[in-house]
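All values derive from a computational prediction rather than experimental measurement. The analysis underlying the following values was restricted to heavy atoms, covering all of them including side chains, and did not include hydrogens, waters or symmetry mates.
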Amino acid sequence: MSALFRITLPDGAVREVTPGTTPADIAAAISPGLRKAAIAARVDGQVRDLNRPFDGDASLALVTVKDETDALELHRHDFAHVMAEAVQTLYPGTQITFGPATEDGFYYDFAPAPGRGPFTDEDLPLIEAEMRKIIARGEKFEREVVTRQQLIDRWNSQGETFKAEWAAELPEGEELTIYRQGEWLDMCRGPHLESTAKLDPAAFKLTRVSGAYWRGDQKNAMLSRIYGTGWLSKKQLDAHLTRLEEAAKRDHRKLGAEMDLFHLQSEAQGSVFWHPKGYMMWRQLEAYMRRRLDAHDYQEVKTPQLMDARQWEQSGHWGKYRENMFVVPDEIPNTEDEGAIVSADADMMALKPMNCPAHVLIFRQGIKSYRDLPIRMAEFGCCHRNEPHGALHGIMRVRQFTQDDAHIFCREDQLIEEVRDFCELLDSVYRDLGFTDYAVKLALRPDKRFGSDEMWDKAEAELREAVLSSNLSDDIKAKFEELPGEGAFYAPKLEFHLTDAIGRTWQVGTIQSDRVLPERLDATYVGEDGNRHRPVMLHRAILGTFERFLGILIEHHAGRMPMWLSPVQAVVATIVSDADDYANEVAAALKAAGIRVETDLRNEKINYKVREHSLAKVPALVVVGKREAEERTVALRRLGSQGQSVIALDELVAMLSNESLAPDLARNLS
């Protein structure tokens, strides 16, 4: 008789089963209702197919739709496979490549059949209809273990050259799997639902088509990427589509054009052309952040953008991060018409992708004592990262950006307090900027990392303690979670994820506890014992980058920025030309009070002016006519309001002057 496997359930109960038993068998043995509800299994912490037999003793937790994160990923993965089958059914000769689940859906990359041309959005309704036919057939997802050579032979015989190329690079001896749904198959690690019938045919929608290079390399063939969104139910899908509609209205690129804030163009891929109004928002945000840092004893510095490659080698970035760096030869380029512009002998320099090594070099200037610590060194540093063209997105993901960066050099005994103080400063800044809902996540050690396990144990424990002992609200602490493997190669980090007005999350702030870089760059201070010691280096940012955070702010507020951030805080508009002189007087009084004001004296109807300035998201429209000029009053219209209030000029100036103060300045006056 074969040895029995011991399967431990979440409540601690143990079931002894024969080899060949599946999680589905155990679910059925517990109750018919559980068997019906189960969609997959978590075996020793890993999500697996419900009908995949146990390999030996294991822990088991059954996955149902109530386990929404796992359930959504399973459904989206299945939708991706169904979409790929539909495309190949409708368009024979199409090659498949990769098709993962994503944060809110799925996609698949296809190489269209020769002569067909790329897929377009017009193809999507037909593909959706074919997907629903496949779902209705209820094809089982069946897992099969294969060898690498079997995969290569299969793909070559089917003309799947991209899949054959990928299969040829897989490791020898590794267990490889394919998944079938009826006659169609793809190589896949899984897991999957039991059959396509488990999918709700009304819970998905194909959303768009874009170009994508094979394996993300612009030197390779261009493929067609078809995106879809998939959910557990039509209700969830409808809610998501509503969010997308709202997000489209809030798109920072659309609002940036309407409000004349910035533009982007191909002459500077991934860099932003800030217009006066957009840069005014930047300046106000930067001034606010500078005041907050000054109040918390940060010392602002400025470091070079271009540094010798040897410095990046010493810091470790050259080996770990070089593919994302812009490299520059350190020589005068050839000015002749013929010959290479630069020689092969040039020393290499690189535009900095981050400020950290430069800050260590400042710290190393002169002798530092334990009494000098902590040193909080801040820089609004311009950095460059070589992001792929296809990854660029408005001002949210760019190649040139400015970080609200700072590094805290501290002693071991100061670390927890410094992290705790940072968390509380960050909390205050987010609330000032209109974000009351955010989550704190601890990103733990990755597989590839510098430093010993003992060092990582200590660093992770310190960050955990700092959050839990801080004055952050109980609601924020209750959402605290840990992310295995998500830390940087040199340090664990705390991540701060904002939730915006329409429920989207954005990872912005971070603080990383680093003992590696001070060692690699030989940063020391003289301790109380007279010996040299290494400081701990805390890498921290609150906004992340100004570009991305301003994009988030624009979308969060739907362009209706808080008064203190609005590039134009008020417009004085005339009803009749007889009020022009008074309008200029009103504008002068507002300007003298520090309010950013413009006048609109055009010979246009007032309703036209109201619509135009509302589109530009001006918070206050000050309307004046002949009566207002005689009575020295104004009619004040607020953005988004249909009504207006008539108030005295002096009252208007005092009111808008108070409202236009940044939150920190307003607190200082209260």
Side-chain angles (χ1 to χ4, degrees), residues 1-78 81 101 138-146 171 173-181 188-199 232-233 441-447 453-454 456-457 460-461 464 468 477-487 492:
M1 180 177 176
S2 300
L4 298 178
F5 295 157
R6 292 173 56 83
I7 307 302
T8 305
L9 302 178
D11 63 359
V14 175
R15 289 182 176 246
E16 294 187 335
V17 300
T18 58
T21 300
T22 68
D25 295 329
I26 291 182
I30 294 173
S31 76
L34 182 58
R35 174 63 185 90
K36 183 178 180 181
I39 59 173
R42 188 172 284 279
V43 178
D44 290 336
Q46 179 186 27
V47 179
R48 292 170 56 161
D49 302 331
L50 197 60
N51 288 307
R52 180 176 168 183
F54 293 104
D55 304 316
D57 295 349
S59 64
L60 169 66
L62 293 165
V63 177
T64 71
V65 292
K66 293 181 179 179
D67 304 298
E68 190 167 281
T69 299
D70 290 335
L72 281 171
E73 184 165 359
L74 284 160
H75 281 68
R76 289 165 179 167
H77 194 176
D78 287 6
H81 277 229
E139 302 282 8
K140 290 184 178 179
F141 286 102
E142 296 179 309
R143 179 177 182 270
E144 181 181 332
V145 178
V146 294
E174 182 177 313
E175 182 179 85
L176 306 175
T177 56
I178 61 172
Y179 274 82
R180 298 178 181 274
Q181 60 212 49
C188 176
R189 295 179 183 273
H192 284 275
L193 300 172
E194 291 181 85
S195 80
T196 62
K198 295 290 185 180
L199 299 170
L232 304 180
S233 65
K441 304 183 182 186
L442 174 56
L444 305 174
R445 68 196 75 183
D447 292 334
D453 286 345
E454 291 77 14
W456 281 85
D457 289 341
E460 290 168 354
R464 187 180 295 113
L468 298 178
K477 289 181 184 178
K479 292 186 289 187
F480 178 68
E481 64 176 301
E482 302 190 358
L483 307 174
E486 295 295 317

- K477 atom NZ: more than 12 heavy-atom contacts under 6.0 Å: yes
- Is a donor on one side and an acceptor on the other found under 3.5 Å between the side chain of D49 and the backbone of P191? no
- Evaluate the criterion salt bridge (Lys or Arg N to Asp or Glu O under 4.0 Å) for residue pair D70 and R42; output intermediate values, then yes/no. CA-CA 9 Å; D70 290 335; R42 188 172 284 279; 2.6 Å; yes
- Message: Rounded to the nearest 0.5 Å, what separates atom CG in L72 from atom CG in L232?
- Response: 4.5 Å
- Query: Looking at residues at least two apart in the chain, or sitting in another chain, which of them share a salt bridge (Lys or Arg N to Asp or Glu O under 4.0 Å) with E73?
  - Reply: none
- Residues R35 and L50: closest non-hydrogen pair is NH1-CD2, 3.5 Å
- Item | Heavy-atom side-chain proximity of K198 to V65 below 4.5 angstrom | no
- In terms of heavy-atom contacts, T22 and F54 come closest through C-CE1, 3.6 Å
- Item | CG on N51 to CD on E142, rounded to 0.5 Å | 10.0 Å
- Between the main-chain N or O of P53 and the side-chain N or O of R48, is there a donor-acceptor pair closer than 3.5 Å? yes
- Query: Ignoring hydrogens and geometry, is there a side-chain-to-backbone donor-acceptor pair from Q181 to T196 under 3.5 Å?
  - Reply: no
- P23 and L62: which non-hydrogen atoms are nearest, and at how many Å? O-CD2, 3.9 Å
- Item | Shortest non-hydrogen contact from H75 toward A71 | ND1-O, 2.8 Å
- Is it true that a side-chain atom of E460 and a backbone atom of R445 form a donor plus acceptor pair closer than 3.5 Å? yes
- Item | 4.5 Å side-chain heavy-atom contact, H192 and R143 | no
- Item | Other residues, nucleotides, ligands: >12 heavy atoms within 6.0 Å of K36 NZ | no
- Note on the structure: Rounded to the nearest 0.5 angstrom, the CD1-CG distance for I7 and D25 is 11.0 Å
- One should read off an interatomic distance between E194 CD and D78 CG, to the nearest 0.5 angstrom, of 11.0 Å
- Task: Output the distance between atom NZ (K441) and atom NZ (K479), rounded to the nearest 0.5 Å.
- Result: 9.5 Å
- Task: Could you tell me whether the side chain of D44 and the main chain of S59 form a donor-acceptor pair under 3.5 Å?
- Result: yes
- By salt bridge (Lys or Arg N to Asp or Glu O under 4.0 Å) - contacts of R76 (at least two apart): none
- Query: Taking all atoms of both residues into account, what is the closest heavy-atom pair of A40 and L74, and its distance?
  - Reply: CB-CD1, 3.5 Å
Atom pairs and distances, donor-acceptor, side-chain atoms in residues 8-16, under 3.5 Å, two or more places apart:
residue: D11; atom: OD1; partner: A13; partner atom: N; Å: 2.9
residue: E16; atom: OE2; partner: R6; partner atom: NH1; Å: 3.4

- Spatial distance of atom CD (E175) from atom CZ (R189) [nearest 0.5 Å]: 10.0 Å
- If you take all heavy atoms of W456 and P446, which pair is closest and at what distance? CH2-CD, 3.6 Å
